[in-house]
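Every value quoted in this text rests on a predicted model; they were computed, and no experiment measured them.
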4 protein chains.
Amino acid sequence: MSSNISEKKTGAAGSQPNHKRPALVPQRSVGRERVAMLLAAASKVIEERGFDAATMAEIASRSDTKIGSLYRFFPNKEVLADALMQRFTELRDTQCDAIDARAREVSTDELADLLVNSLAEIHDEAKALVALLDARSEWSGKRIEYREKSIRRIVGTLLLRAPTLPEETAKDMAVVILNNMKTMVAMTFDKSAPTTPGSTAELRLMNRLYLASKLAGHELPAVQAGASPLGDAKGRS
Amino acid sequence: MSSNISEKKTGAAGSQPNHKRPALVPQRSVGRERVAMLLAAASKVIEERGFDAATMAEIASRSDTKIGSLYRFFPNKEVLADALMQRFTELRDTQCDAIDARAREVSTDELADLLVNSLAEIHDEAKALVALLDARSEWSGKRIEYREKSIRRIVGTLLLRAPTLPEETAKDMAVVILNNMKTMVAMTFDKSAPTTPGSTAELRLMNRLYLASKLAGHELPAVQAGASPLGDAKGRS
Amino acid sequence: MSSNISEKKTGAAGSQPNHKRPALVPQRSVGRERVAMLLAAASKVIEERGFDAATMAEIASRSDTKIGSLYRFFPNKEVLADALMQRFTELRDTQCDAIDARAREVSTDELADLLVNSLAEIHDEAKALVALLDARSEWSGKRIEYREKSIRRIVGTLLLRAPTLPEETAKDMAVVILNNMKTMVAMTFDKSAPTTPGSTAELRLMNRLYLASKLAGHELPAVQAGASPLGDAKGRS
Amino acid sequence: MSSNISEKKTGAAGSQPNHKRPALVPQRSVGRERVAMLLAAASKVIEERGFDAATMAEIASRSDTKIGSLYRFFPNKEVLADALMQRFTELRDTQCDAIDARAREVSTDELADLLVNSLAEIHDEAKALVALLDARSEWSGKRIEYREKSIRRIVGTLLLRAPTLPEETAKDMAVVILNNMKTMVAMTFDKSAPTTPGSTAELRLMNRLYLASKLAGHELPAVQAGASPLGDAKGRS
DNA sequence: GATGAATGAGATTTCATTCAT
DNA sequence: CATGAATGAAATCTCATTCAT
């Protein structure tokens with residue numbers, strides 16, 4: 001019952017299925033566009049319905065594509081999920097790079113905000129990402145990988161800011177911060193259980209308090225305090 | 001003039017069946033036991049697979065029950081979920097009561113820990129609860145209700161401790177704290193993405209910091225600072 | 001946070017599927033053939049067993065189709081019934097047109113026969129039609145519609161023949177005549193309770209008597225009495 | 001697929017089923033009441049849903065009986081149907097007797113009305129009866145029997161009135177009249193496709209015309225023409 | 001290469017009937 | 001004996017995936 005991905009039914013006539021074939025990389029621009037539309041649609045459908053309930057048929061029809069074409073590019077649902085994860089990975093890396101670039105300049109509070117907001121800033125995409133990450137059982141390798149890489153990136157950022165922080169501590173912190181990022185997404189985009197704008201401010205505040213507390217004593221000397229949009233971080237001083 | 005004498009007529013969507021019928025309350029002890037087993041199995045399966053992926057057949061077989069008996073007591077999957085939610089609700093209320101009873105005596109740090117640990121203390125159950133709460137698509141009313149009631153209970157606890165806290169603020173805080181509770185569950189019981197014990201300590205710390213910061217100035221005078229098992233809460237002092 | 005990668009997720013009432021989707025219009029010739037076979041099989045099975053007792057599985061197997069293909073074109077049993085009804089509607093309109101075309105030329109007796117025979121002349125189809133019309137519980141809109149349109153058509157024919165007939169009277173007559181048509185079908189094709197050929201003659205006679213009686217004094221002047229195959233209509237004159 | 005009535009599943013543990021056992025005849029008055037309630041409920045449910053869609057469970061619950069008790073008295077659905085048919089048979093015989101008693105006294109028109117109304121006068125019951133009679137395929141013996149006996153009774157009535165009528169003709173007529181009786185029930189009680197009161201008058205008229213026409217020349221001499229509520233039967237003179 | 005069609009395993013749900021307390 | 005519970009075959013419907021045109 002806890003079967004692997006390629007254990008399922010096969011449909012149609014005999015022959016050997018192409019289960020393990022990776023996503024087709026489109027050669028022409030028209031193909032690239034098609035793939036982009038497919039991924040966008042997949043993201044939206046998965047966001048709305050969750051990975052399980054998302055059907056290949058709906059993904060195809062929402063992207064004005066026919067089911068046959070969808071399978072040309074993504075030979076199965078898992079590959080599609082992987083492709084999405086990869087896109088998320090790239091988006092995340094871009095954002096992490098951006099954060100790292102500013103990690104030493106900004107105030108601790110700002111850094112906290114940058115981190116906690118980063119996932120939610122991918123907006124559309126983030127919800128689907130969370131849906132994917134939370135798909136229970138059978139985490140495809142890609143999904144575990146994403147999680148670990150994310151933690152590593154956050155660790156990297158933290159160490160950039162506070163080089164003397166023990167790596168183990170940084171990792172534990174990263175886990176917490178990653179969860180805050182997911183929580184921010186949930187709060188920001190959940191239509192069925194809308195949260196007050198105040199609660200996102202509270203989340204940000206908590207994240208600031210936590211980061212400030214943990215980094216105290218480890219921070220680099222030459223940090224110039226930037227203005228933080230939340231106002232001066234109450235609760236410490 | 002329709003119909004037929006040897007009607008197999010046993011199909012799913014056929015007539016207008018007991019859709020919408022509430023869960024059957026068992027009359028005999030054997031029935032009560034069966035229901036208990038069914039709920040336990042449901043909880044476990046949903047925890048493992050997620051709500052969508054959990055199948056009624058697996059729930060039945062795991063509780064040594066035939067599918068027909070499962071449907072006797074729970075006429076559909078949604079009602080089963082509702083029954084689970086109700087059990088969780090009762091567990092939660094018990095825990096909230098216990099926390100409220102101690103809310104004025106314990107230190108702020110302890111209160112923070114009580115809150116953040118409470119969900120995870122229901123262990124077995126909690127994972128399924130989270131799976132249920134996070135099931136995408138139509139949140140049955142019960143699910144939304146649970147969330148709101150939980151928030152109200154946390155608000156109640158906060159106001160018990162800090163009566164002068166503005167209610168709106170308390171509600172925003174409750175949302176954040178509730179998410180911390182869910183995060184704690186995820187960290188504690190997720191086998192596929194195990195987190196270091198350190199990370200739960202970090203989560204607890206963050207939660208303490210946050211609560212202490214928010215309650216500062218609102219707290220009742222006569223709180224005796226109990227020793228907190230985490231050690232002195234670094235980062236405040 | 002629900003879901004799972006290897007979602008069998010193929011259940012019936014699971015997500016929010018193409019319930020309510022209309023019948024799929026086949027694009028290719030092979031599809032059109034398949035749909036034709038499906039409708040024919042459906043008609044036959046419903047005729048034999050009645051609507052409730054007819055199973056989608058039997059309809060599929062009788063048309064050498066797999067159940068999945070049946071559901072591709074007809075997303076549920078109701079839609080299949082609707083499609084049949086539409087075909088019947090078309091057949092009926094064709095026949096009504098033909099009758100109307102001759103309504104002024106033929107004798108009253110002939111007109112009566114034309115009407116009462118018309119349904120039974122569709123043969124194969126008619127039995128299934130009657131089964132559908134008589135299916136208890138929720139008459140899909142289509143079914144009520146059929147009935148009303150049929151009555152309207154008969155009214156039209158009557159008024160063509162006897163323009164001075166009060167419309168309300170015509171409508172009441174139409175109800176009776178429609179029932180005679182259904183009775184004729186039942187008599188003609190019911191294998192389980194075969195009726196003597198004599199009884200259909202009697203039904204025809206009754207229908208003639210009735211029509212002649214009601215139209216007397218309202219008929220158009222220039223009707224040429226055609227010979228009626230039943231012989232001279234005994235009982236009037 | 002066209003299995004007999006006792007070909008179905010068995011449920012529970014092994015042992016030999018009591019399929020062919022007839023309905024239990026209750027010995028005590030409480031039992032007789034119980035049976036009466038069960039039959040009444042069965043009649044109502046079958047009327048509403050049709051025989052196929054009627055479930056034993058609903059029949060039990062509507063008669064404030066438990067499913068186990070229902071099965072004590074009626075060991076299966078077929079037996080229940082048979083019992084209903086028997087009640088209908090008795091009702092019919094009572095009515096036929098009453099009609100026969102007056103058959104020679106009343107006018108032809110009145111006789112026609114007596115016949116065509118008789119079924120509908122059992123109102124509550126009649127709808128269920130029709131539902132039973134129209135259950136397609138697998139007519140239990142009882143059902144065929146009912147039909148034939150009804151025809152024989154009508155033949156009897158006709159011959160009482162017109163002894164010189166050839167028996168074959170009488171039988172053909174009886175088929176037609178029986179159908180008129182069923183039509184009257186349909187018109188009178190069908191809520192989903194209500195017919196104007198006018199149409200039942202038309203049906204009665206048609207039935208009168210027919211009977212008068214067929215009996216002409218065969219009738220007994222000493223019939224006193226009773227006033228017919230429908231007015232003078234136009235169309236004959 | 002695009003796409004409509006085919007496939008079939010499997011999920012949910014129903015219900016007649018039997019049994020055990 | 002009354003009745004709650006158990007059973008399991010069967011019906012409806014879904015959807016990932018493959019093929020043929």
- Task: With sequence neighbours left out, write down each residue that passes side chain to side chain contact (heavy atoms under 4.5 Å, CB included) with D:A40, or none if nothing qualifies.
- Result: none

- Message: Test side-chain contact (heavy atoms from CB on, under 4.5 Å) on A:F74 and A:V35; report intermediate values, then the result.
- Response: CA-CA 9 Å; A:F74 303 101; A:V35 164; 4.0 Å; yes

- Task: Round to a whole Å and report the spacing from CD1 of B:I59 to P of E:dT13.
- Result: 11 Å

- Message: Nearest to the A:M56 side chain among F:dT7, F:dA16, F:dA11, which nucleotide is it?
- Response: F:dA16

- Base, sugar-phosphate alone, or nothing: which one does B:G31 contact when heavy atoms must sit under 4.0 Å apart? sugar-phosphate

- Note on the structure: Atom CD of C:E33 and atom P of E:dG4 are separated, to the nearest Å, by 18 Å

- Task: Kindly say if B:R21 contacts the phosphate of E:dC15, meaning a side-chain N or O under 4.0 Å from OP1 or OP2.
- Result: no

- Would you tell me if any nitrogen or oxygen in the side chain of C:Y71 comes within less than 4.0 Å of OP1 or OP2 on F:dT14? no

- Message: Side chain of D:I67, heavy atoms from C-beta onward: which of F:dT17, F:dG4, F:dC15 has the nearest atom to it?
- Response: F:dG4

- So which one's nearest nucleotide on DNA chain F is more toward 5', B:P26 or B:G68? B:P26

- Let me know the distance between CD of A:E58 and C1' of F:dT14, rounded to the nearest Å. 13 Å

- B:R72 side chain, from C-beta outward: closest of E:dT17, F:dG4, F:dT3: F:dG4

- Looking only at side-chain N and O atoms, does C:R28 come under 4.0 Å of OP1 or OP2 in F:dT21? no

- What pattern of brackets, bars and dots sums up DNA chain F from 5' to 3', given Watson-Crick or G-U wobble pairs under 3.5 Å, [ ] for crossing pairs and | for another strand? .||||||||||||||||||||

- Given E:dC15, is OP1 or OP2 found less than 4.0 Å from the side-chain N or O atoms of D:R49? no

- Note on the structure: With sequence neighbours left out, the residues meeting side chain to side chain contact (heavy atoms under 4.5 Å, CB included) with D:S63 are D:M37, D:L38, D:A41, D:T65

- Counterpart residues, side chain to side chain contact (heavy atoms under 4.5 Å, CB included), relative to C:A128 (two or more places apart): C:S43, C:I46, C:E47, C:F88

- Query: Expressed in angstrom and rounded to an integer, what is the separation of B:D52 atom CG from E:dT12 atom P?
  - Reply: 10 Å

- Task: Measure the distance from CG on C:L24 to C1' on F:dT14 and round it to the nearest whole Å.
- Result: 15 Å

- Task: Specify the closest pair of heavy atoms between D:R87 and D:A36, including all atoms of both residues, with the distance to one decimal.
- Result: NH1-O, 4.5 Å

- Message: Rounding to an integer number of Å, can you tell me how far C:N76 CG sits from F:dA11 P?
- Response: 17 Å

- Any side-chain N or O of D:K66 under 4.0 Å from OP1/OP2 of F:dA2? no

- Item | Non-neighbouring partners of D:A57 that pass side chain to side chain contact (heavy atoms under 4.5 Å, CB included), sequence neighbours left out | D:T55

- Item | Rounded interatomic separation in angstrom, taking CZ from C:R32 and C1' from E:dG4 | 11 Å

- Give every residue pair that meets the salt bridge (charged side-chain N to carboxylate O under 4.0 Å, His left out) criterion with at least one member in residues 59-72 of chain C, sequence neighbours excluded. C:E48-C:R62, C:E58-C:R62

- Quick one: which of E:dT17, F:dT12, F:dA6 gets closest to the side chain of B:F73? F:dA6

- Query: Roughly, in whole Å, what's the span from CG in C:D64 to C1' in E:dA6?
  - Reply: 13 Å

- Is the Lys NZ or Arg CZ of C:K77 less than 6.0 Å from the centre of C:Y71's six-membered ring, within 45° of the axis? no

- Message: If you compare every side-chain N and O of A:S69 against the phosphate oxygens of E:dT3 (OP1, OP2), does one of them come in below 4.0 Å?
- Response: yes

